[in-house]
> 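One structure, as structure tokens, below. Some questions next.
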Amino acid sequence: TAAMAKSKFEYVRQFEVDNPCLPNCWLVVRIDGKAFHKFSEKHNYIKPNDERGLGLMTCAAQRVVNEFNEIVLAYGQSDEYSFVFHKNCQVYNRRASKIMTNVVSLFSSSFTMYWPRYFNTQELLYPPSFDGRVVLYPTDENLRDYLSWRQADCHINNLYNTCFWKLVQEKGLTPAQSQERLKGTLSSDKNELLFSEFKTNYNNLPELYRKGTVIIRLQDSKILAQNNREDENSKTPPVKWKSSSMVFHTDIIGKSFWEEHHYILNK
Ligand code: ATP
Ligand code: ATP
Ligand code: MG
Ligand code: MG
Ligand code: MG
Ligand code: MG
């Protein structure tokens with residue numbers, strides 16, 4: 001209020017430092033569950049991939065995507081989600097802490113609020129929390145490499161976890177024995193192990209597990225059409241993203257996803 005603004009205490013505001021994100025850079029907020037190794041055990045997650053847990057993560061992420069209309073894409077796996085804000089976004093004047101804390105707290109509260117929808121009678125035993133960070137990427141290539149890095153991580157972890165839990169659940173190994181059995185193995189060894197000992201072709205496992213989850217904002221066809229007519233000197237206002245989203249479990253490392261959805265990076 002005006003009265004407060006004039007108080008003699010007002011000077012302490014100068015101690016608050018701004019932390020603006022550089023202009024013209026892709027802005028990524030990644031959130032990650034705190035101690036979800038333990039959280040997933042305590043809440044009886046089915047190992048290695050609990051679909052309720054993955055579904056709830058995506059539900060909370062969609063809530064975030066719908067709230068911030070400058071998010072163009074989100075990618076999630078395990079207990080993490082990355083939110084990509086358009087490189088020209090102006091949300092909160094690109095103040096890093098303001099953006100990051102709002103994303104992570106909305107994600108956390110959504111995860112908690114929608115818990116019963118996914119876990120039914122499994123009680124939420126304590127309030128889950130997530131960390132958050134902001135990373136800026138100056139080029140499209142950097143951004144795509146970032147997303148490729150997360151998807152490669154999803155694949156590497158999932159291959160390992162699939163082997164680990166098969167050895168425990170189907171061969172009766174202890175976690176320590178299972179870990180020992182997998183020590184030093186290459187991807188090809190793990191694929192072979194799954195095939196020869198468990199008659200499992202890794203590539204036939206659900207893409208949800210192997211590829212993670214991509215959320216993109218849908219553009220309505222009218223805006224898209226108008227967008228296509230625009231030329232460089234056009235005075236038409238910038239594209240407004242429509243607040244409905246679409247979920248994929250697909251490869252984003254190769255170029256075909258990006259060709260099919262070229263507008264993600266182009267506008
Ligand atoms: P911003 O997102 O910028 O913080 P805001 O609407 O939260 O916007 P604040 O300056 O933080 O704005 O003010 C919080 C407002 O929330 C108060 O002005 C008041 O209207 C309301 N509010 C918060 N706590 C209470 C409360 N316990 N009882 C009644 N009103 C409250
Ligand atoms: P930190 O606080 O450092 O992030 P963490 O225990 O959360 O510690 P992560 O590397 O983030 O460690 O790993 C998350 C862990 O959560 C996974 O290793 C896995 O055990 C568990 N987890 C997350 N989601 C699921 C799921 N849908 N199904 C089964 N397990 C899951
Ligand atoms: Mg971690
Ligand atoms: Mg974690
Ligand atoms: Mg994690
Ligand atoms: Mg407030």
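Just so you know, ligand 1 is whichever comes first in the structure, and atom 1 is the first atom listed for that ligand. Just the heavy atoms: all of them, side chains too, but no hydrogens, waters or symmetry mates, feed the values below.
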> Looking only at heavy atoms, which two atoms of Ile31 and Met57 are closest? And how far apart?
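Nearest pair, atom of Ile31 first, then Met57: CD1-CE, 4.3 Å.
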
> By number and element, which atoms of ligand 2 are closer than 4.0 Å to a non-hydrogen atom of Pro48?
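Those of ligand 2 that fall under 4.0 Å from Pro48 are 28 (N), 29 (C), 30 (N).
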
> Any donor and acceptor pair, going by atom type alone, linking the side chain of Ser108 with main-chain N or O of Ser129 inside 3.5 Å?
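No, the answer is negative, given that no donor and acceptor are paired below the 3.5 Å cut-off.
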
> Heavy atom to atom 14 (C) of ligand 2, shortest distance: which of Asp79, Leu208, Asp131 holds it?
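Closest candidate by heavy-atom distance is Asp79.
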
> Check each atom of ligand 2 against the heavy atoms of Leu54 and keep those under 4.0 Å away; list them by number with element.
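Ligand 2 atoms under the 4.0 Å threshold to Leu54: 27 (N).
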
> Taking all atoms of both residues into account, what is the closest heavy-atom pair of Leu73 and Tyr75, and its distance?
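Looks like CD2-N, 4.2 Å.
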
> Is it possible for you to say whether Val65 and Val134 belong to one hydrophobic cluster, with membership spreading through side-chain heavy-atom contacts below 4.5 Å?
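Cluster IDs for Val65 and Val134 match.
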
> Does only the side chain of Ser78 get under 4.0 Å from ligand 2, or the backbone, or both, or neither? Count heavy atoms.
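It is both parts that get close, each with some atom under 4.0 Å.
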
> Tell me the protein heavy atom at minimum distance from atom 3 (O) of ligand 1, and give that distance in Å.
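Going atom by atom, the protein heavy atom closest to atom 3 (O) of ligand 1 ends up being Lys98 NZ, 4.5 Å.
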
> Counting each atom of ligand 2 from 1 as listed, which ones have a heavy atom of Asp32 under 4.0 Å away?
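Numbered from 1, ligand 2 contributes 4 (O), 11 (O).
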
> With carbon and hydrogen excluded and only N/O/S kept, which atom of Asp32 is nearest the Mg ion (ligand 4)?
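Output for this pair reads OD1.
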
> Where on Tyr45 is there a heavy atom closer than 4.0 Å to ligand 2, on the side chain, on the backbone, on both, or on neither?
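Tyr45 to ligand 2: side-chain contact only, backbone stays beyond 4.0 Å.
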
> Just to verify, which of Glu51, His155, His249 counts as forming a side-chain hydrogen bond (donor to acceptor under 3.5 Å, both in side chains) with Tyr209?
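So, applying the side-chain hydrogen bond (donor to acceptor under 3.5 Å, both in side chains) to Tyr209 and each of Glu51, His155, His249, only Glu51 qualifies.
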
> Which word best sums up how the rings of Trp115 and Phe119 line up, parallel for under 30°, tilted for 30 to 60°, or perpendicular for over 60°?
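The arrangement is parallel - the two ring planes meet at less than 30°.
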
> Near Asn49, which atoms of ligand 2 are under 4.0 Å from a heavy atom of that residue?
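Listed by number with element, the hits are 28 (N).
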
> Suppose we only allow N, O or S atoms; which atom of Asp79 ends up nearest to the Mg ion (ligand 4)?
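Within Asp79, restricted to N, O or S, the Mg ion (ligand 4) is closest to atom OD2.
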
> Between Gly33 and ligand 2, does any nitrogen or oxygen pair lie at a separation below 3.5 Å?
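It does: an N or O of Gly33 is found under 3.5 Å from an N or O of ligand 2.
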
> Heavy-atom pairs closer than 4.0 Å: do any link ligand 2 to the side chain of Glu51, the backbone, both, or neither?
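None of Glu51 does.
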
> I'd like to check which ligand 2 atoms, numbered from 1 as shown, lie under 4.0 Å from a non-hydrogen atom of Lys34.
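Near Lys34, the atoms of ligand 2 are 2 (O).
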
> So, 2.8 Å as the limit: is an N/O/S atom of Phe36 located closer than that to the Mg ion (ligand 4)?
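So Phe36 does not count as coordinating the Mg ion (ligand 4).
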
> Using a 3.5 Å cut-off on N or O atoms only, is Lys38 in polar contact with ligand 2?
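Between Lys38 and ligand 2, no N or O pair is found under 3.5 Å apart.
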
